[in-house]
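Order of the sequence lines sets the chain letters (A, B, ...), proteins ahead of strands, with each chain counted from 1. These figures come from a predicted structure and were not determined experimentally. Heavy-atom basis, side chains included; hydrogens, waters and symmetry copies ignored.
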2 protein chains.
Amino acid sequence: MGRPSMAAERTEQIMQATARCLQKHGLAGTTLERVAEESGLSRSHVRHYVGNRDDLLQKFANWLYSGYEAEFIGRIAGADGRDKLPIVMDYLFSTGFLPISDDDTVIRELITAGIADERIRVVMQTHYTQAIQSVEDALAAEHPEASPGARRAVAYGLWCLAMGNSMMAELQLPVASGGLVRAAAESLLERLSRHG
Amino acid sequence: MGRPSMAAERTEQIMQATARCLQKHGLAGTTLERVAEESGLSRSHVRHYVGNRDDLLQKFANWLYSGYEAEFIGRIAGADGRDKLPIVMDYLFSTGFLPISDDDTVIRELITAGIADERIRVVMQTHYTQAIQSVEDALAAEHPEASPGARRAVAYGLWCLAMGNSMMAELQLPVASGGLVRAAAESLLERLSRHG
DNA sequence: CGTTTTCTTTTCCGAAATGACAATCAATTA
DNA sequence: TAATTGATTGTCATTTCGGAAAAGAAAACG
């Protein structure tokens, strides 16, 4: 064996720096140099540990979503029965004091990257497919009598509501921070309560 | 007077080239050089007529949305009564064969630009405020008996649904092209039919 | 020790984009 | 015809980024 590997720590450093960069400077502004600066390492370090810029973004997507898988998808799968839906609703429409979570910006930038880069896109496709499925599972636990088609539409609707609202919030549109999405989301949910 | 100004035609050329660039190469790839190439003019031309890159994007935002104002907001204001809502629904959820309209990509890139640049953001804020108001007007025409709060929530909900779905469509998520949003949107509408 | 492995630092090159400036050309009007 | 206004073209310097490679330093292990 040679010198012990710093890869694990360094990669973590770099990923977190990448997140901060995406948040502060957007996708185009997330250059290897800036990530290096933000992480306190040199650009050569970044290249050494994660490769070129495309590699960086792809690894970052994996890193980010594997975190979410534990935090969201995992938590829903772990919760039982009627505990699921409140978790989902809070996650999608948490109306805390922060208008948007820090991650929302990062995610949107990543989506932009995914439109151009297939590897990133695939990561996001599989993640989002799972996430929407989790929403559907939560709905199924709450409304087992509803039709699968209706559940699917509502699940996807909730998801789109959350994504769309996050976009509007990033534009600092006043209407985005008034809890109006949550009202719309509740309306969607009512459909499942009404006709079985 | 000197030589007659070509500003009007040239600007139009440049704006259309900018749209094509945003669509093909994204925000980061929309450089003055590429816009010049796409428009058939020289980079000096672009600089001469629209200024630097930030100026270009701001002028483009104005140009794009003044077009939409005529096409969408204007059309709704012009339609009478119960003709409004179908126009809105078609505009937001047109389920044609194209998974997404050409402009959707451009708009999303512009939103990304608006997050960083305040001048662009202001343009988009005012436009979207008006657009959501138009949706609300259409709902008011169809459901005059519904409560204003409910209408507002549904209007904003429809808008978010459309935005979120457009994002998912750009990621080529299969679920985005199945007409599922439209189903969710119809569910939202039902809320206004039910309790006045 | 010395070898091996990995980390770390440094240097170089090329491409692309921006900003600024200058010079020439063309059309209109006095 | 001359002056003026704006169009058109071209050039230069600077910056930033990305990609690649080389060389040195540090730690484990036999």
May I have the step-by-step check of ring-ring contact (aromatic ring centres under 6.0 Å, His included) for W63(B) and F60(B), ending in yes or no?
CA-CA 5 Å; W63(B) 177 83; F60(B) 177 75; 5.7 Å; yes
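Of all the residues in residues 41-60 of chain A, S44(A), H45(A), H48(A), Y49(A) reach under 4.0 Å from DNA chain C with at least one non-hydrogen atom. Looking at residues 6-33 of chain A, you'll see M6(A), A7(A), R10(A) sit with a heavy atom under 4.0 Å from some atom of DNA chain C.
Dense packing is recorded around CZ of R53(B), with more than 12 heavy atoms of other residues, nucleotides or ligands lying under 6.0 Å away.
Contact check on D55(B) versus R47(B) returns no salt bridge, with no Lys/Arg side-chain nitrogen under 4.0 Å from an Asp/Glu carboxylate oxygen.
The backbone N or O of G29(A) sits less than 3.5 Å from a side-chain atom of R34(A), completing a donor-acceptor pair. Side-chain atoms of Q125(A) come within 3.5 Å of backbone atoms of L171(B) as a donor-acceptor pair (strictly under, hydrogens ignored). Judged by distance alone, the side chain of S94(B) and the main-chain N or O of Y91(B) form no donor-acceptor pair under 3.5 Å.
Using cut-offs of 30° and 60° for the angle between ring planes, the Y128(B) and Y65(B) rings count as perpendicular. Taking the six-membered ring where the residue is Trp, Y49(A) and H45(A) present parallel rings, their angle staying beneath 30° rather than reaching 60°.
Between P4(B) and P4(A), the one whose closest nucleotide on DNA chain C sits nearer the 5' end is P4(A).
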